[in-house]
Every structure is written in structure tokens, then in C-alpha cells.
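Remarks on the structure that follows.
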2 protein chains.
Amino acid sequence: MATMPFNPPPPSSGRITLREVARALGVSVATVSNAYNRPDQLSASLRERVLETARTLGYGGPDPLASSLRRGRTGVIGVVFDAPLEYAFADPAAAQFLGSLAQALQGASLNLLLLASPGDGQADPLAPVRGASVDGLIVYSAAQNSELLRAVLSRGLPTVLVDQPALGDQPGLADQDRAARVGIDDAGGAAHAAQHLLELGHTQIGVLCLELGPRQGGGRVAPGRERQVSYHPTAERLRGYRETVAAGGADQPGHVRLHLTEAERNTLNDGETCALELLRAEPQITALLCMSDVLACGGLRAAQTLGWAVPERLSVIGYDDSPGSADLNLTTVWQPTSDKGRRVGEAMLTLMGGERRADVRLPTRLVVRGSTAKLRRLAL
Amino acid sequence: MATMPFNPPPPSSGRITLREVARALGVSVATVSNAYNRPDQLSASLRERVLETARTLGYGGPDPLASSLRRGRTGVIGVVFDAPLEYAFADPAAAQFLGSLAQALQGASLNLLLLASPGDGQADPLAPVRGASVDGLIVYSAAQNSELLRAVLSRGLPTVLVDQPALGDQPGLADQDRAARVGIDDAGGAAHAAQHLLELGHTQIGVLCLELGPRQGGGRVAPGRERQVSYHPTAERLRGYRETVAAGGADQPGHVRLHLTEAERNTLNDGETCALELLRAEPQITALLCMSDVLACGGLRAAQTLGWAVPERLSVIGYDDSPGSADLNLTTVWQPTSDKGRRVGEAMLTLMGGERRADVRLPTRLVVRGSTAKLRRLAL
DNA sequence: TGCCAGCTCTAAAACGATTCAGATTCTCCG
DNA sequence: CGGAGAATCTGAATCGTTTTAGAGCTGGCA
């Protein structure tokens with residue numbers, strides 16, 4: 001039989017509904033609905049007739065929206081970003097996380113809806129979160145104690161917070177049974193990275209920070225701002241660096257100095273710009289602690305631009321160990337990104353199953369590669 | 001005023017509806033609805049009372065699902081992948097595409113729903129596409145003439161096909177006014193890559209192919225299979241390689257030989273495995289044409305494992321020019337990935353606006369970096 | 001024959017909103 | 001003072017399903 005051109009829905013009418021199929025056959029709508037959802041509720045022959053009629057009428061099956069409304073379940077989980085997706089995805093680690101998360105949810109027939117705050121438009125940044133038809137929400141990045149976070153919680157849906165402090169630790173918020181938390185040992189990983197540099201003898205260390213807070217400018221970090229970091233991973237990693245330096249400073253007191261700068265966004269370009277500016281201003285720096293591999297990669301570029309050899313002139317450490325970093329020979333702090341995605345998915349399923357929340361904290365560890373080396377005396 | 005602990009939805013009752021808010025105030029449901037959606041339809045004072053009552057009752061605003069049903073609009077666009085998302089996201093180019101697509105749609109208050117076919121589970125792979133509540137669908141990767149594609153089209157929604165052949169060119173399908181197409185000059189880009197290698201004098205060229213068809217095995221490509229490539233970009237790029245070699249063969253007839261192998265998935269690991277196998281089996285190969293940067297990166301790893309210097313012993317060319325490739329010094333075929341995302345978004349908006357489809361085809365070009373060099377006689 | 005069980009199928013009530021077409025009341029002006 | 005027109009609010013229909021409770025019928029078994 002020759003293949004016929006695939007016919008788009010119906011001839012052209014408005015939109016066929018279950019009711020019309022039922023009417024065409026002279027059966028009740030319940031029967032048609034059952035033909036699709038509960039085949040055991042009607043005779044095989046009638047079911048076949050229903051499906052056949054539906055086909056000729058161009059009915060594509062029950063409307064998912066109406067179905068969801070009636071059933072009280074959408075089969076969709078929202079993932080909330082507080083940054084424009086354009087930048088959120090610039091980080092391979094984010095992509096990897098999302099991939100494994102999606103994978104974990106797929107087993108339960110759940111799909112992911114990406115919810116990002118509109119960049120700079122005048123649209124309400126909370127509208128997506130407020131108006132999303134979802135069965136649950138996952139907060140991937142949000143400033144602590146933010147309006148965004150409150151909007152999420154006010155939905156009263158099963159919620160998983162990724163890399164967030166405990167709700168109880170945020171002023172004005174209270175822990176909730178339906179809001180689980182999955183995170184990593186941010187500070188510990190940062191501490192390992194800093195320790196590594198100290199052991200290599202570095203004392204003038206640049207720090208490429210992730211954003212400290214939403215919609216700030218980036219650039220050198222004045223001492224005052226360091227107390228008001230509203231992104232949890234940034235705060236924790238910074239704490240890890242600081243505390244290690246303070247502790248290591250016991251041996252060589254006053255010697256180690258951290259030079260902080262903030263990237264406006266977690267992107268290659270911002271990392272490069274930022275690093276370039278810092279290294280030009282403080283050429284005594286011999287090592288760079290970066291809060292993400294993406295930023296570290298920007299740092300490597302900056303070094304190349306300046307003609308500083310890595311690791312001879314400048315040591316660079318990243319954070320995340322994202323997929324491509326091994327190829328760049330980058331020393332970095334590994335975190336179980338895929339695992340994290342999976343655990344977040346599992347936490348969501350657990351919550352949706354009605355269980356109380358159970359928080360998860362995953363380990364990090366240092367991966368030493370070729371971008372770090374012992375300090376050599378500078379010929380300044 | 002001291003910040004009070006944020007109170008989760010209501011005390012605890014089931015779920016508050018618009019009707020209950022209306023009843024509590026003794027007004028009609030229409031009024032409450034208007035308080036949220038059409039402030040100009042009631043007095044400011046009443047509106048304030050409505051919102052206030054809603055707050056104390058713990059009503060979080062109109063249910064998005066019910067609202068969507070009534071309005072006939074969900075504010076969601078589905079993106080269809082035919083591969084598990086876990087792998088789809090392994091490609092930075094895919095992530096970049098998605099990011100710019102999301103960005104483009106955000107202007108119209110549209111969010112993205114990720115629809116992937118369940119990996120290997122027994123679940124119906126078409127269920128996500130059939131059952132998604134969306135206003136439009138974007139097909140990111142699908143085998144031509146596949147069931148998946150037909151399922152998408154049968155929804156009768158505005159549809160944008162990315163990197164797909166014209167529907168009319170697929171057996172059994174017909175072009176549709178509501179299905180636009182955005183793609184790149186796949187074959188042209190591939191031709192440039194191949195031409196480059198020919199000019200450098202290479203005659204024994206390995207080709208790392210993207211998947212030829214869904215759920216095949218990967219590995220060396222027998223001559224027969226080359227005719228049955230069901231992924232459009234794969235087919236086109238292969239054609240570009242082949243035709244260039246055939247044309248260039250005019251000068252040095254019979255000399256140039258392409259050794260084809262297929263990666264099971266577009267991932268670093270599969271690329272590496274695949275390249276390793278090929279290079280070990282055919283050590284006379286001096287150059288590698290890869291259909292993606294991810295695969296090329298796998299190729300670079302394989303070369304390193306074998307101790308083959310790049311580009312001295314082995315030239316490597318990628319495809320996409322994804323974000324990290326410059327740092328790997330990879331010669332590659334650039335494609336306007338971000339632009340593509342934006343154009344897809346625009347096409348969707350156009351379609352949703354009721355206009356007929358308008359297809360777009362974007363250019364590609366070769367970016368020569370350090371991973372390719374003139375052929376040196378091998379000391380085999 | 002009588003009765004219970006098991007199939008099929010149906011009627012009608014949700015699900016939670018939006019919106020059109022009035023019904024009131026208010027305002028303003030000639 | 002009368003009436004047009006604006007401002008404000010309401011009733012009821014509708015969006016397209018799912019699902020519960022039960023009606024009719026058939027057949028088996030005592």
C-alpha cells in the first residue's frame with residue numbers, strides 16, 4: 001500500500017472534543033474517556049469503534065489540560081532559576097545537573113518545566129513561578145530569603161531546594177515538611193582548594209567569586225560587601241577559603257592575602273574580563289581560586305592573554321569538575337553533579353509520595369591536575 | 001516590625017478556591033477573578049479587600065491549570081528530544097541553543113517544557129508528546145519520518161522543526177503551514193571541513209559520525225548503512241564530506257579514503273571510545289572529521305591515549321564551535337547556535353500569531369585553529 | 001424459576017477558573 | 001428633574017475532561 005500523505009488533524013474545524021466523538025457514535029462521553037484511559041471498562045469491540053471514529057474525526061485524544069485539571073496532576077515539575085536561562089546554561093555543570101534530574105524524574109513520567117525570571121523586561125519576575133501548572137518545584141538557584149523563594153514556598157507544593165541554606169536559617173522563613181534540601185559540602189571543597197594552594201606556598205591569591213547577590217555589578221569586592229552575600233554557595237565557598245587561610249596563617253602569620261573579585265555572571269567572558277582586571281591590578285598574585293570551572297576557564301584565558309604561563313606563573317583552581325575540565329588539565333574541586341540531580345529527583349518523588357522531607361548533603365573533593373604548581377619566586 | 005515566620009499556605013485545609021474567597025466576602029466569583037486579572041473592573045477598595053481576604057484565607061491566586069483551560073492558553077512551549085535528556089545535555093551546543101531559545105520566548109512570557117522520550121523503560125515513548133499541555137512544540141532532534149515526528153504533527157499545534165528536512169521531503173508527510181523549519185547549511189559546513197583537510201594533503205581520513213539512526217549500536221559503518229541515515233544533520237554532513245572528497249578526488253583520483261565510524265551517542269566518552277577503536281584499527285589515518293565538537297574532543301582524548309600528537313600526527317576537525325572549543329584550540333565548523341535558538345523562538349511566535357510558516361536556513365563557516373596541520377609523511 | 005454476580009455502559013457531578021451580557025447604582029449635565 | 005453614560009458588580013455559561021454510583025442485561029447455578 002502506498003503511503004498516504006500524513007493528514008494533519010482534521011479537515012479544518014475548530015477543535016474536536018471528547019463529547020463530539022461520543023455524539024458521533026451515540027455513546028456517552030464516559031465511554032469515550034474510558035476507551036482511552038481504562039480499556040477494561042468497555043468491550044474490546046466498542047473500544048475499537050471509538051478509536052476508529054476518533055481517528056476519522058481527527059480527534060487526537062483527551063485534552064491534556066482538561067485531563068490534568070480533573071485529575072489534579074500535571075505530570076510537570078518546575079525548575080526555578082533566578083538568572084536568565086541564557087546564562088544558567090552557560091555552565092556545563094548546570095546542564096549536567098539538569099540532565100540527570102530529568103532522567104531521574106522520567107521514571108515517574110514527570111517532565112521538566114524551565115522557569116526563569118525574565119531578564120530585565122518590565123514583566124513580573126515572579127509571574128512564571130506563580131503561574132506555572134506544576135506538581136512540584138525545584139529551586140536551583142535563588143538568593144536566600146528572596147522574594148522568589150517566598151513565592152515558591154507560597155505555592156504550597158512539594159519543593160526541593162538545591163544548594164540552599166536551611167529555611168529555618170533564613171530570617172522570616174520556617175522549615176517545612178514539604179520542602180526538602182539537597183546540597184554539597186561547599187565550604188569543605190573550598191577549604192581543600194585553598195589548602196592546596198597554601199601547601200604549594202602561594203601567599204598572594206586571587207579569588208574569582210560567583211555572584212554575591214542578584215543583579216549586582218561584579219568587580220572588585222569591597223570588604224563591606226563580603227558580609228552580605230546572598231547566594232549560599234558563594235557564601236559557603238568564600239567561607240571555606242577564608243577559614244583555611246586564617247588557619248594556615250598560623251604558620252606564616254599575616255602573609256597570605258586573598259584578593260576578591262566578583263564575576264557579574266557565571267560565564268566564560270565574565271570570568272575572563274574579571275580575571276584580567278584583577279591580575280592587571282595586582283600582578284603580585286600567583287594563584288587563582290575560582291568558584292566554578294567556567295570562571296576558572298576564563299581565568300586561564302586571561303592568563304594566556306597576559307602571557308602568564310599556567311601553572312608556572314599562575315596556578316588556577318576551579319570548582320565543579322564539569323565535563324570538559326579534565327581536557328583543560330584544570331585542578332578543581334569535584335562535586336557529584338549527576339548524583340545531585342538524581343538525588344533531587346528522588347527527593348521530589350519522595351515528597352510527592354507524601355513523606356516528610358529528608359535533607360541530603362553530598363561530599364566534594366579536590367582533583368589535582370596540571371593547572372597548579374609550587375610557587376616560584378617572581379622576577380617582578 | 002519584627003519579621004514573622006513566613007506562613008505556609010493556609011492553616012492546613014485542603015485547597016482554597018476562588019469560590020471560597022468569594023463566599024467569604026459575599027461577592028461573586030467574577031469579582032474575585034477580576035481582582036486578579038482585571039483590576040480596572042472593580043473599585044480599588046473592593047479589590048484591596050478581596051486580596052486581603054485571599055491572603056488571610058491562604059489563597060495563592062487563581063489555579064494556573066483551571067485558568068489555562070478556560071483561556072485556552074498554557075504559556076508553555078514543549079521542546080522535543082528523541083534522546084534521553086541526560087545525553088542531550090552533554091552537548092554544550094544543545095545547552096546554548098536551549099538557553100537562547102528560552103531567552104527568545106521569555107519576551108512573550110512563554111516557558112519551556114522539556115520533553116524527552118523515556119530512555120529504555122517500557123513506558124510509551126510518545127506519551128510525553130501526546131500528553132503535554134503546551135501551546136506549541138519544537139522538535140530539536142528526531143529521526144526523519146519517525147513516529148515521534150508524526151505524533152508531534154498530529155497535535156496540530158504550531159510547530160518548529162530544528163535541523164529537519166522539509167516535511168514534504170519525507171515519505172508520507174506533507175508540508176504544513178503551521179510547521180516552520182529552522183536549520184543550518186549542514187552539508188556546506190561539512191564540505192568546508194573536508195576541503196580543508198584535502199588542502200592539507202590528507203588522504204586517509206577517519207570520520208566520527210553522530211548517530212545515523214535511533215537506537216542503533218554505533219561502531220564501524222558498513223557501506224550499506226550509509227544509505228539509511230535517518231538523522232538529517234548526520235546525513236547532510238556526511239554528504240558534505242563525501243561530495244567534497246569525490247570532487248577533490250579529481251586531482252588525486254582514488255587517493256582519498258574516508259573511514260566511517262558511528263558514535264552511539266553524542267558524548268565525550270562515546271567519542272573517545274569510538275575514535276580509539278577506529279584509530280587502532282586503521283593507523284594509516286592522519287585526520288579525523290568529527291560531526292560535533294563533543295566527538296572531536298573525544299577524538300583528542302583518544303589521540304592523547306595513543307600518544308599521537310595533534311596536529312602533527314593527527315589533525316582533528318569538529319563541528320558546532322561550541323563554547324569551550326576555542327580553549328581546546330580545536331579547528332571546527334562554526335554554526336550560529338545562539339542565533340538558531342533565537343530564530344526558532346521567533347518562528348514560534350510568528351506561528352502562534354497566526355502567520356504562515358517561513359523557513360530559515362543559517363550559514364556555517366570553517367574556523368581554523370591549531371588542531372589541524374599539513375600532512376607529514378608517516379614513519380609507519 | 002429465582003437470584004446473584006459480572007459485564008457494559010450511562011447520567012451527572014465535579015475540577016477551578018474566565019468572561020459575556022446584563023442589572024444596579026452613581027455621576028454629570030442640560 | 002430627567003436621562004445618558006460611566007462605573008461597579010453579578011449570574012450563568014463554558015472550557016474538556018474524569019469518575020462515582022448505578023442501571024440494564026446476560027449467564028450460571030441451585
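All chains are named by letter (A, B, ...) in the order of the sequence lines, taking the proteins before the strands, and each is independently numbered beginning at 1.
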(message) Looking only at the side chain of A:Leu69 (C-beta and beyond, no hydrogens), which of the listed nucleotides C:dA17, D:dG16, D:dT20 gets closest?
(response) D:dG16
(request) Calculate the interatomic distance between B:Asp40 atom CG and D:dT8 atom P; express it in whole Å. (result) 9 Å
(request) Look at the side chain of B:Ala30 and decide which nucleotide, out of D:dG11, D:dT20, C:dT18, has an atom nearest to it. (result) D:dG11
(message) Can you measure A:Asn37 atom CG to D:dT20 atom P for me and round it to whole angstrom units?
(response) 13 Å
(message) Counting only side-chain heavy atoms from C-beta out, which of C:dC9, C:dT10, D:dT18 sits nearest to A:Val27?
(response) C:dT10
(request) Let me know the distance between CZ of B:Arg49 and C1' of D:dT8, rounded to the nearest Å. (result) 13 Å
(request) Establish, with yes or no, whether the OP1 or OP2 oxygen of D:dT18 is under 4.0 angstrom from a side-chain nitrogen or oxygen of A:Ser67. (result) yes
(request) Kindly check if the number of other-residue, nucleotide or ligand heavy atoms within 6.0 Å of CZ (B:Arg19) is above 12? (result) no
(message) Please determine whether a side-chain nitrogen or oxygen atom of A:Tyr36 lies at a distance below 4.0 Å from atom OP1 or OP2 of D:dT19.
(response) no
(request) Taking only the side-chain nitrogens and oxygens of B:Arg70, find out if one of them lies under 4.0 Å from OP1 or OP2 of D:dT14. (result) no
(request) To the nearest Å, give me how far apart CZ (B:Arg38) and C1' (C:dC20) are. (result) 9 Å
(request) Flag yes if more than 12 heavy atoms outside A:Gln41 fall under 6.0 Å of its CD atom; otherwise flag no. (result) yes
(message) For a quick test of reading the model, state the closest non-hydrogen atom pair linking B:Val182 to B:Ala347 and the distance between them.
(response) CG2-CB, 4.4 Å
(message) Heavy atoms from C-beta onward define the side chain here; which of D:dT17, D:dG11, C:dT18 lies closest to that of B:Ser33?
(response) C:dT18
(message) With a cut-off of less than 4.0 Å, is there a side-chain N or O of A:Ser68 near OP1 or OP2 of D:dT17?
(response) no
(message) So, OP1 or OP2 of C:dC9: does either fall under 4.0 Å of a side-chain N or O from A:Ser28?
(response) no
(request) Tell me which nucleotide among D:dT18, D:dT10, C:dG16 gets nearest to the side chain of B:Arg15. (result) C:dG16
(request) Verify the contact: side-chain N or O of B:Thr17 to OP1 or OP2 of C:dG16, cut-off strictly under 4.0 Å; return yes or no. (result) no
(message) Nearest whole Å is fine: how far is C:dT18 C1' from B:Gln41 CD?
(response) 12 Å
(request) Could you pull out the closest heavy-atom pair between A:Asp82 and A:Ser117, with the gap in Å? (result) O-OG, 2.9 Å
(message) How many whole angstroms separate atom CD of A:Glu48 from atom P of C:dC9?
(response) 13 Å
(request) Name the closest nucleotide to the A:Leu18 side chain, picking from C:dC9, C:dA17, D:dT18. (result) D:dT18
(request) Respond yes when some side-chain nitrogen or oxygen of B:Thr31 is under 4.0 Å from OP1 or OP2 of D:dC9, and no when none is. (result) no
(request) Ignoring the backbone of A:Asn34, work out which of D:dT17, C:dC9, D:dT19 is nearest its side chain. (result) D:dT19
(request) Looking only at side-chain atoms of A:Arg71, point me to the closest of C:dT18, D:dT18, D:dC15. (result) D:dT18
(message) Less than 4.0 angstrom between a side-chain N/O of A:Ser43 and OP1 or OP2 of C:dC7, yes or no?
(response) no
(request) Starting at atom CZ of A:Arg19, determine the distance to atom C1' of C:dT10, rounded to an integer number of angstrom. (result) 14 Å
(request) Grab the CG-C1' distance between B:Leu46 and D:dA7 for me, whole Å please. (result) 13 Å
(request) Give A:Leu65 one of three labels, base, sugar-phosphate or nothing, depending on what nucleic acid heavy atoms sit under 4.0 Å from its own. (result) nothing
(message) Does the plane of the ring in A:Tyr36 sit parallel, tilted or perpendicular to the ring in A:Tyr59? Use 30° and 60° as the thresholds.
(response) perpendicular
(request) Please report the shortest heavy-atom distance between B:Leu85 and B:Leu114, naming the atom on each side. (result) CD1-CB, 3.9 Å
